[in-house]
Amino acid sequence: MSKTEISAPAGVPFIDVTREFDAPRDLVFQAYTDPKLVVQWLGPRKYEMVLDTWEPRAGGSWRYVHTDGEHEWGFHGVFHGDLSPDGMVQTFEFEGAPGHVSLDRLTLEDRDGRTIARTHSVFQTVEARDAMVEHGMAEGMNDGFDRLDELLARLATPV
Amino acid sequence: MQMQPDPLSTVFGALADPTRRAILARLADGGDLTVGELARPFAMSQPAISRHLKVLEGAGLISRRRRQTARLSHLEGEGLRQAAVWLVRYQDYWDESHARLDALLARLQADPMAPRLENGDATTGKRKP
């Protein structure tokens with residue numbers, strides 16, 4: 001099975017996400033653009049995905065919400081330029097951190113009937129990039145995660 | 001240009017320290033505690049513990065109130081819950097999304113003439129053969 005590679009080099013405000021799919025380029029492009037398909041895969045399985053707005057054309061808006069029934073996390077942005085497998089450009093903003101907007105470009109490359117999907121995201125600052133990828137947080141918390149898991153399990157149980 | 005850290009960054013910053021996580025765990029176990037009670041299991045002075053409490057309070061993870069001369073720390077579970085549910089790492093988010101996309105692409109290719117959706121509706125059929 002293919003693996004999602006995420007690179008966030010120090011000192012530059014970029015995130016690059018690369019993934020290979022065992023499907024032709026046009027089909028992968030459809031899965032990234034057709035709203036009926038997007039809702040079926042984007043986001044963690046444990047959250048419900050609600051596609052509020054999805055206008056895959058130059059100047060079109062998009063917005064979706066992940067919800068666990070109690071909390072909601074909204075994301076929105078705008079598509080720029082014509083969308084094609086050679087380039088799908090959009091802005092991206094997490095509504096929990098308004099004003100921190102990234103510019104994302106997806107390109108799909110044919111490789112003998114398989115497809116390499118590459119997303120290049122440009123943030124306004126390295127700090128904003130780091131906040132998104134949660135570098136420091138993930139590393140700093142590793143050792144205490146088991147303890148924290150137990151604590152959270154107790155908190156989740158009403159007294 | 002200095003940007004104001006958003007609330008979640010403040011919470012994550014507060015949780016990034018093992019002593020502070022241990023303090024939260026003790027408050028979850030033992031109810032409201034004084035600085036002295038919290039400092040006891042740590043090889044740390046009370047002022048050092050107080051500094052940690054201040055960070056936790058600033059992140060909304062605990063509140064503090066006075067009982068006569070003692071100052072009690074109280075766990076604010078909601079702040080921690082908010083952070084916990086957002087503990088989906090960027091890597092995990094995309095790993096899981098792409099694994100689901102693998103499965104979707106396999107389904108679409110297994111039935112190329114009429115890709116079916118999970119809810120049973122047909123797609124708009126724009127895909128090339």
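Note that the structure is predicted; figures quoted are calculated from it, not measured. We name chains A, B, ... by the order of the sequence lines, and we start the count at 1 in each one. For the numbers below, each heavy atom of this structure counts, side chains included, while hydrogens, waters and symmetry mates do not.
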Okay, Y32(A) and chain B: the region with an atom under 4.5 Å from a heavy atom over there is side chain
Would you call [X] and [Y] a side-chain contact if the rule is heavy atoms closer than 4.5 Å?
| X | Y | result |
| --- | --- | --- |
| D22(A) | L105(B) | no |
| L108(B) | L37(A) | yes |
| W41(A) | D102(B) | no |
| R107(B) | Q40(A) | yes |
| R100(B) | L42(A) | no |

Would you call D95(B)-R19(A) a salt bridge at under 4.0 Å N-O?
-> no
Between [X] and [Y], is there a shared hydrophobic cluster once you connect ILVMFWY residues whose side-chain heavy atoms come closer than 4.5 Å?
| X | Y | result |
| --- | --- | --- |
| L106(A) | F92(A) | yes |
| V39(A) | L101(B) | yes |
| L61(B) | L72(B) | no |
| I6(A) | F21(A) | yes |

F75(A) and Y93(B) aromatic ring geometry - parallel, tilted or perpendicular at 30°/60° bounds = tilted
Closest heavy-atom contact between S97(B) and G43(A)?
-> OG-N, 2.7 Å
F14(A): which other cluster members, linking ILVMFWY side chains closer than 4.5 Å, directly or transitively?
-> V12(A), V122(A)
Name all pairs fulfilling the side chain to side chain donor-acceptor pair (under 3.5 Å) condition that reach into residues 56-68 of chain B, sequence neighbours left out, sorted by first residue then second.
-> D32(B)-R65(B), E57(B)-R64(B), S63(B)-E76(B)
Within 6.0 angstrom of D110(A) CG, more than 12 heavy atoms from elsewhere | yes
